[in-house]
2 protein chains.
Amino acid sequence: MSDLSFRNWQSVQDEVLRRINSRLWKPGDLIPNEAELATEFGCARATVNRALQNLADSGLLDRRRKAGTRVTLHPIRKATLDIPVIRREIEGKGHTYLYSLISSQTVIPPQGIIGRMQLKPDDRLLHLVCVHMADGKPYVFENRWINPRVVPEVSGVRFIDQSPNEWLVENIPFSSGDITFSALSATKFESGILACKESEGLFVIDRSTWRGGEAITSVRLIFAPGYQMHTDI
Amino acid sequence: MSDLSFRNWQSVQDEVLRRINSRLWKPGDLIPNEAELATEFGCARATVNRALQNLADSGLLDRRRKAGTRVTLHPIRKATLDIPVIRREIEGKGHTYLYSLISSQTVIPPQGIIGRMQLKPDDRLLHLVCVHMADGKPYVFENRWINPRVVPEVSGVRFIDQSPNEWLVENIPFSSGDITFSALSATKFESGILACKESEGLFVIDRSTWRGGEAITSVRLIFAPGYQMHTDI
DNA sequence: GAGTGGTCTAGACCACTGT
DNA sequence: CAGTGGTCTAGACCACTCC
């Protein structure tokens, strides 16, 4: 059946993919174990392992010790999004980047932020409001909260020349975070800042980042009309 | 310096992460090569390789043969999104799923679709318009184009009981695809279908999938107000 | 208890690329 | 050309989990 042509993990992966896509191995089917495949393909078990593990990571195979490897019944496709610094995103598109700080103050945050960042009731946060512009036109509105108790370094920064987005990425490592994507209708306030019509549909990213058990920062990014986030799968 | 405690690739990765986050190794720095780290950690080079490769995949390290491994200067965080079948997404939230086909016809598609799917000028596509509902309320509007030349199986399907979304995922494997996320303002048409106010901001996903060099299908999903897409990083 | 995947090892060769 | 990461191998042991 097979010749000696499966000498590396990529070709093994391609062959397994071929068998899945051709429905030789159907969704739900148990496939041969690693040792058998290694024999069939004429390579080491570790090579087969690498290929199958990669396919399991992308959601096409389900693997469990003792139970073996099965073709995923209802595959959940995974897309990977790049989350660049806003300045680099804009410059990467060939536009001129400009940043403008609108306001900066230390205040007791609203309930929504307290909940999302799991703050103590009397925590005061640095609240920054600013706009990133591409070729002079508003690109995204950044509404950010930073916890100075967790990030004391922030007290020495003015955020005049550098946006909080960029400063945080370059200076404050984080251990985990969560992102929510949604859409909203521009209020009068947002339409003013982003130079768009009131009630226009806008793309929104809410993101919080954590270090250990404490929230570092939480931000809402509201993008100007026409913004698109793209990826390949 | 180090004891014998780095016996597996995860602990090696943790230690490397610690050195990056503590700024012992700063962005741009060249770190020791695999052989040196293996000696220091008291493990095999393959174990170090696995750890560093994983970190490079998540964008924290830059690795090049001969040039060595550096801490990424401007890390691009990557988020992984799960893209489930709509029915499962709704049922997974504990809602009752309902699907309704609005129209189905084979027509010459508009220019935008011809371009996006790189069709021949006289290709006719199956055009399906339908709505997915959660607990009886509109959840997402599916506007789909399928190329019957690439997917002849589609001719036997009525899409009365099963949505094109679900049928395609379960029956038509694809080799690649692209996704675009954006926001738009509801037109009168969309506000009618999704039972929302006209001009309300709506979350939109455009997705095309390909097999070999040919486009299988292209779809625009317009979600009802309030929809959120969430992930952890 | 036994079968499966998960991982580690020591060694080897190769592929790429900076100098 | 030489140094680095990328990968393969054969063998081993372990961890999990189904029966």
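Chain identifiers are assigned alphabetically (A, B, ...) following the order of the sequence lines, protein sequences preceding nucleic acid strands; residue numbering begins at 1 within each chain. The structure presented is a predicted model; accordingly, all values stated were derived computationally and were not measured.
Atom CG in B:Leu37 sits about 14 Å away from atom P in C:dT9, given to the nearest Å. Between the CD atom of A:Glu36 and the C1' atom of C:dG3 there is a distance of 11 Å, given to the nearest Å. In this structure, the CG atom of A:Asn54 is 14 Å from the C1' atom of D:dT7, given to the nearest Å. We find that CD of A:Glu34 is positioned 8 Å from C1' of C:dG6, with the value rounded to whole Å. When the P atom of C:dG5 is taken as reference, atom CG of A:Leu61 falls 11 Å away, rounded to whole Å. D:dG5 atom C1' lies 15 Å from atom CG of B:Leu55, rounded to whole Å. The separation between B:Arg50 atom CZ and D:dG6 atom C1' is 14 Å, rounded to whole Å. Between B:Asp57 atom CG and D:dG5 atom P there is a gap of 15 Å when expressed in whole angstrom units.
Closest to the side chain of B:Ala44, out of C:dT9, C:dC16, D:dT9, is C:dT9. The side chain of A:Lys66 approaches D:dT17 more closely than any other nucleotide in the set D:dT7, D:dT17, C:dG18. Closest contact between the side chain of B:Arg64 and the listed nucleotides D:dC13, C:dG18, D:dT7 involves C:dG18. The side chain of B:Arg65 sits closest to D:dG3 out of D:dG3, D:dC8, C:dA12. The side chain of B:Asn33 approaches D:dG5 more closely than any other nucleotide in the set D:dG5, C:dC8, D:dC8. Checked against C:dG5, D:dT7, D:dA2, the side chain of B:Asn49 finds its nearest nucleotide in D:dT7.
Phosphate contact (OP1/OP2 of C:dT9, side-chain N/O of B:Arg45, threshold under 4.0 Å): absent. Taking side-chain N and O atoms only, A:Arg63 has a distance below 4.0 Å to OP1 or OP2 of C:dG6. In this model, the phosphate group of C:dT4 is not approached by any side-chain N or O of A:Thr69 to a distance below 4.0 Å at OP1 or OP2. Between A:Thr47 and D:dT7, a side-chain N or O to OP1/OP2 separation shorter than 4.0 Å is absent. In this structure, A:Gln53 reaches the C:dG6 phosphate: one of its side-chain N or O atoms is under 4.0 Å from OP1 or OP2.
Across the interface with DNA chain D, nearest-nucleotide mapping of B:Ala46 and A:Ala67 shows B:Ala46 to be the residue nearer the 5′ end.
Taking the ring axis of B:Phe174 as reference, the NZ or CZ atom of A:Arg77 stays within 45° of it and closer than 6.0 Å to the ring centre.
Counting heavy atoms from C-beta on, the side chains of A:Phe181 and B:Phe181 never come closer than 4.5 Å.
For the residue pair A:Ser11/A:Asn8, the side-chain donor-acceptor check at 3.5 Å is satisfied. Inspection of the A:Ser218 and A:Arg144 side chains reveals no N or O donor paired with an N or O acceptor under 3.5 Å.
Proximity of a side-chain donor or acceptor of A:Asn147 to a complementary backbone N or O of A:Leu125 within less than 3.5 Å is not detected.
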